[in-house]
Amino acid sequence: MIDQNKIDEMMAQLREMKAAREQDLEEMRIKWLGRKGEITRLFDEFRQLTPEEKRTLGQKLNELKVNATRKIEELRESLNQIVDGGKASFDLTKPGDMVELGSRHPISVTREEILSIFRKFGYSVAEGPEIEDDWHVFGALNFPPEHPARDMQDTFFVSPGGENPILLRTHTSSVQVRTMESQSLPIRVVCPGRVFRNEAISARAHCIFHQVEGLYIDKNVSFADLKQAILLFAQEMFGADTRIRMRPSYFPFTEPSAEVDVSCNICHGEGCNICKNTGWLEILGCGMVDPAVLEANGIDSKVYSGFAFGMGIERIAMLKWQVKDLRHYFENDLRFLREFETVI
Ligand code: DAH
């Protein structure tokens, strides 16, 4: 007689059903749903139940019928896919669909190239958080309290109030500070990462871009060491005949500070529109770590000295590939990205 267990048992059998041939399906249909089929019989029995029993079993029994119909339909569809009147319904000799390979973004490629040059020089790689506090981005790097970089106009604040506001880092120099806090001396690191500035987006500026920061601290590190490191880097990056020049500059965290230009690798000094007829292209800022920064980070500036440098990855990539508009790097236009497929 029809009952709950019987229906459950049939549901379970239904789930396990398989069909290898059209004939199996027909047998299955007759066995379950045919005029004398098991489900049809259950419906006959159902008619004799009391209204109370009908209420509890009616829905279940309907479900069973719907499931059986659907299952047979599904099995028929999958059989049809494999067999079509005894023949395969698809052409096994047709060529397959092309799998398109992606390629690496030019900024990732440039980042990797910069890091691999410094790895060869014995630098290790350090990374830090993009959401930082005022101390790591400004305070420990000798920025005076009234410095304009600390202004809303220049920096994105996450929570502006209090002693040590939380903000999006404006440069990767913050990772210098974290490295000085966590690593023992001597230190020789490069720190790649994304930085954020409250700037209007144009061909030459973006509110998000990437930098690589470098820091070397040991006994007797001199400006000559800095100059040599930058020269070797420039020659690895832009070609063995590349020359550099240093112009005096100012950063709160280095003293003395310099900006570095490389000889224009497009016109080789003849003058072109990329170097604006000067024969030189600016690539980075650098300097000797200010003793105040060493002291702020618990390093004895009478014993240790160091140099630091920072460069924009977009800028290096623009110079290397003569990309004139920074926005191309962020728009993910495939026509632009595909130009780098062979480079990568
Ligand atoms: N942090 C500077 C910037 O974002 C770049 C920089 C300049 C980093 C000089 C340095 C440095 O480490 O010594 O503009």
Side-chain angles (χ1 to χ4, degrees), residues 99-132 168-176 178-179 182-183 187-197 204-216 226 228-242 244 260-266 274 281-286 307-344:
V99 177
E100 280 204 57
L101 279 187
S103 57
R104 301 184 64 205
H105 192 280
I107 295 301
S108 303
V109 176
T110 313
R111 173 191 193 269
E112 228 7 82
E113 198 172 340
I114 296 168
L115 296 183
S116 76
I117 293 170
F118 283 103
R119 275 198 205 100
K120 269 197 280 189
F121 298 167
Y123 286 69
S124 52
V125 176
E127 286 180 287
E130 292 176 351
I131 300 175
E132 263 293 6
L168 299 185
R169 67 181 178 194
T170 56
H171 54 184
T172 42
S173 304
S174 53
V175 191
Q176 276 192 28
R178 294 208 168 262
T179 308
S182 63
Q183 291 190 17
I187 287 171
R188 202 189 286 162
V189 287
V190 271
C191 320
R194 203 153 50 152
V195 300
F196 308 85
R197 285 186 197 174
R204 314 203 67 211
H206 208 286
C207 55
I208 301 175
F209 56 102
H210 301 79
Q211 290 186 329
V212 174
E213 182 80 14
L215 177 68
Y216 178 30
L226 167 62
Q228 192 62 18
I230 301 296
L231 176 64
L232 289 176
F233 163 72
Q235 292 182 336
E236 290 274 331
M237 193 75 202
F238 296 104
D241 58 350
T242 305
I244 62 166
V260 177
D261 300 337
V262 290
S263 50
C264 180
N265 61 342
I266 295 146
I274 301 285
L281 301 161
E282 187 190 321
I283 57 158
L284 54 79
C286 63
F307 64 68
F309 54 86
M311 67 186 91
I313 301 182
E314 279 79 1
R315 172 140 189 94
I316 302 279
M318 280 170 106
L319 297 178
K320 208 165 158 93
W321 289 309
Q322 293 161 47
V323 175
K324 296 214 180 81
D325 192 327
L326 190 62
R327 289 170 289 198
H328 288 309
Y329 289 126
F330 300 95
E331 283 164 2
N332 282 339
D333 184 333
L334 285 178
R335 288 170 304 178
F336 172 74
L337 296 178
R338 287 207 169 113
E339 294 206 18
F340 297 88
E341 279 178 353
T342 49
V343 181
I344 296 151

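We're numbering straight along the sequence, starting at 1.
At least one donor-acceptor pair under 3.5 Å links the side chain of Arg169 to the backbone N or O of Pro129. Using modelled atom types, no side-chain atom of Glu132 and backbone atom of Leu168 make a donor-acceptor pair closer than 3.5 Å. One N or O on the side chain of Arg315 and one on the backbone of Glu282 form a donor-acceptor pair closer than 3.5 Å. Panel note: side chain Ser108, backbone Arg104; no donor-acceptor pair is recorded below 3.5 Å. Arg188 places no side-chain N or O within donor-acceptor distance of the main-chain N or O of Tyr123, the cut-off being under 3.5 Å. Counting only distance, with no hydrogens or angles, the side chain of Lys320 and the backbone of Met237 share a donor-acceptor pair below 3.5 Å. With hydrogens and angles disregarded, no donor-acceptor distance shorter than 3.5 Å links the side chain of His206 to the backbone of Tyr329. With hydrogens and angles ignored, the 3.5 Å screen pairs a side-chain donor or acceptor of Gln235 with a backbone N or O of Thr242.
Smallest separation of non-hydrogen atoms from Leu319 and Asn265: O-OD1, 4.4 Å. Closest heavy-atom contact between Ser263 and Asp241: OG-O, 4.4 Å. A pairwise comparison of heavy atoms in Ala234 and Val262 identifies CB-CG1, 3.7 Å as the closest pair. Nearest heavy-atom pair, Ala317 versus Thr110, reported as atom, atom and distance to 0.1 Å: CB-OG1, 3.4 Å.
For Phe121 and Phe233, the gap between ring centers reaches or exceeds 6.0 Å. Between Phe309 and Phe118, a ring centre-to-centre spacing shorter than 6.0 Å is recorded.
Taking CD of Gln176 as the start and SG of Cys191 as the end, the distance is 7.0 Å to the nearest 0.5 Å.
Residue Ile266 qualifies as enclosed at atom CD1: its count of foreign heavy atoms under 6.0 Å is above 12.
The aromatic rings of Phe307 and Tyr216 stand perpendicular to each other, their planes meeting at an angle above 60°, with 30° marking the opposite boundary.
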- Stepwise side-chain contact (heavy atoms from CB on, under 4.5 Å) test for Phe336 and Glu331: CA-CA 9 Å; Phe336 172 74; Glu331 283 164 2; over 6 Å; no

- Item | Verdict with supporting geometry, Val260 and Cys286, side-chain contact (heavy atoms from CB on, under 4.5 Å) | CA-CA 8 Å; Val260 177; Cys286 63; 3.7 Å; yes

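His210 and Glu314 share a donor-acceptor pair across their side chains, judged by distance under 3.5 Å alone.
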